[in-house]
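For reference, the structure discussed in these notes is given below.
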Amino acid sequence: MAIGERIHHFRLLHGFTQKYLGKMLGFNDVQADVRIAQYEKGSRSPKENYLNALAEIFEVSPKALAVPDIDSYVGLMHTLFTLEDVYGLHIDNIDGEPCLRLDKSKGTTYLSMFDMFQSWQEQSAKLNAGEITKEEYDQWRYTYPQMDAAKSKENLGALRAKRKAKTQNDSE
């Protein structure tokens, strides 16, 4: 999905008109809807400062807007080939069905990708089990990795507090 389609997706998700969104970006009444329409049609791409502003307005990561162009199956395949080259993602077969897997020989790349995929799988499982809503799942996806980082920081804080309490109890 091209950046214009992502802008369109998030604009509709928030219930914004093109004019309203354009005005939020600082364009005047005449230019506001025209500029957003240009972005959405792909005839113009937002500069980095506008891309960052759009991400802030939509409360998503700029990376959620600037996804690779996978509008065609061929484009998707080339994106997957790039992921194979860069991150060691490989095509394999499990029970007669194609699947994607990580290449363990990639060392730290493997470990990083494993952690990220595991986080994704955990959130997907929570959605499937009804523990979180589709909106919460989408919020996690569209702000990734901020929510994971915040949760890790929270868990670390709780662990430190527990250790501190244990140390105080042991010294008493």
Side-chain angles (χ1 to χ4, degrees), residues 1-16 21 36-48 50-159:
M1 187 179 282
I3 189 169
E5 291 179 55
R6 298 299 286 172
I7 292 169
H8 179 78
H9 169 78
F10 285 113
R11 179 178 64 78
L12 294 180
L13 194 65
H14 283 79
F16 298 157
L21 180 57
I36 300 303
Q38 290 172 333
Y39 291 163
E40 290 183 1
K41 289 178 185 173
S43 61
R44 185 177 199 143
S45 293
K47 293 180 181 171
E48 187 175 351
Y50 288 124
L51 181 67
N52 290 333
L54 284 164
E56 192 170 311
I57 289 167
F58 294 143
E59 298 177 332
V60 301
S61 166
K63 293 183 187 318
L65 292 173
V67 295
D69 185 4
I70 56 171
D71 291 335
S72 68
Y73 293 126
V74 173
L76 173 60
M77 288 302 294
H78 283 280
T79 300
L80 292 170
F81 297 153
T82 301
L83 292 173
E84 179 179 29
D85 293 340
V86 176
Y87 297 106
L89 196 62
H90 289 279
I91 190 82
D92 209 336
N93 188 305
I94 295 179
D95 298 329
E97 292 197 23
C99 67
L100 297 175
R101 67 172 178 80
L102 297 171
D103 182 353
K104 290 181 180 177
S105 70
K106 289 284 188 178
T108 57
T109 298
Y110 167 79
L111 294 174
S112 296
M113 294 297 295
F114 181 86
D115 288 344
M116 291 185 282
F117 277 27
Q118 188 169 17
S119 292
W120 183 15
Q121 190 279 323
E122 287 170 2
Q123 293 304 312
S124 180
K126 285 180 184 179
L127 174 65
N128 292 335
E131 295 174 25
I132 60 174
T133 65
K134 175 73 164 102
E135 292 77 19
E136 290 169 318
Y137 177 70
D138 286 345
Q139 182 184 20
W140 177 85
R141 291 187 314 142
Y142 299 145
T143 60
Y144 183 85
Q146 288 93 333
M147 289 185 72
D148 271 5
K151 184 171 176 124
S152 293
K153 187 175 180 180
E154 181 182 309
N155 290 343
L156 187 58
L159 182 61

Minimum heavy-atom separation for [X] and [Y], please, with both atom names.
{"X": "Ile57", "Y": "His14", "result": "O-NE2, 4.3 Å"}
{"X": "Trp120", "Y": "Tyr137", "result": "NE1-OH, 2.9 Å"}
{"X": "Ala55", "Y": "Ser61", "result": "CB-C, 3.9 Å"}

Under a 4.5 Å cut-off applied to non-hydrogen side-chain atoms, are [X] and [Y] in contact?
{"X": "Leu54", "Y": "Leu21", "result": "yes"}
{"X": "Leu100", "Y": "Asp92", "result": "no"}
{"X": "Gln123", "Y": "Leu127", "result": "no"}
{"X": "Asp138", "Y": "Arg141", "result": "yes"}
{"X": "Tyr144", "Y": "Lys63", "result": "no"}
{"X": "Ser112", "Y": "Tyr87", "result": "no"}
{"X": "Pro46", "Y": "Ile7", "result": "yes"}
{"X": "Phe10", "Y": "Phe16", "result": "no"}

For residues Tyr142 and Phe58, establish whether the separation of their ring centroids is below 6.0 Å. no
[X] atom [atom1], over 12 foreign heavy atoms within 6.0 Å:
{"X": "Phe114", "atom1": "CZ", "value": "no"}
{"X": "Lys134", "atom1": "NZ", "value": "yes"}
{"X": "Glu122", "atom1": "CD", "value": "yes"}
{"X": "Glu56", "atom1": "CD", "value": "no"}

Given side-chain contact (heavy atoms from CB on, under 4.5 Å), test Met113 with Lys106 step by step and report yes or no. CA-CA 10 Å; Met113 294 297 295; Lys106 289 284 188 178; over 6 Å; no
Could you check whether Lys126 pairs with Glu136 (Lys NZ or Arg NE/NH1/NH2 to Asp/Glu carboxylate O, under 4.0 Å)? no
Determine the interplanar angle of the Phe81 and His78 rings, folded into 0 to 90°, and report it as parallel if under 30°, tilted if 30 to 60°, perpendicular if over 60°. perpendicular
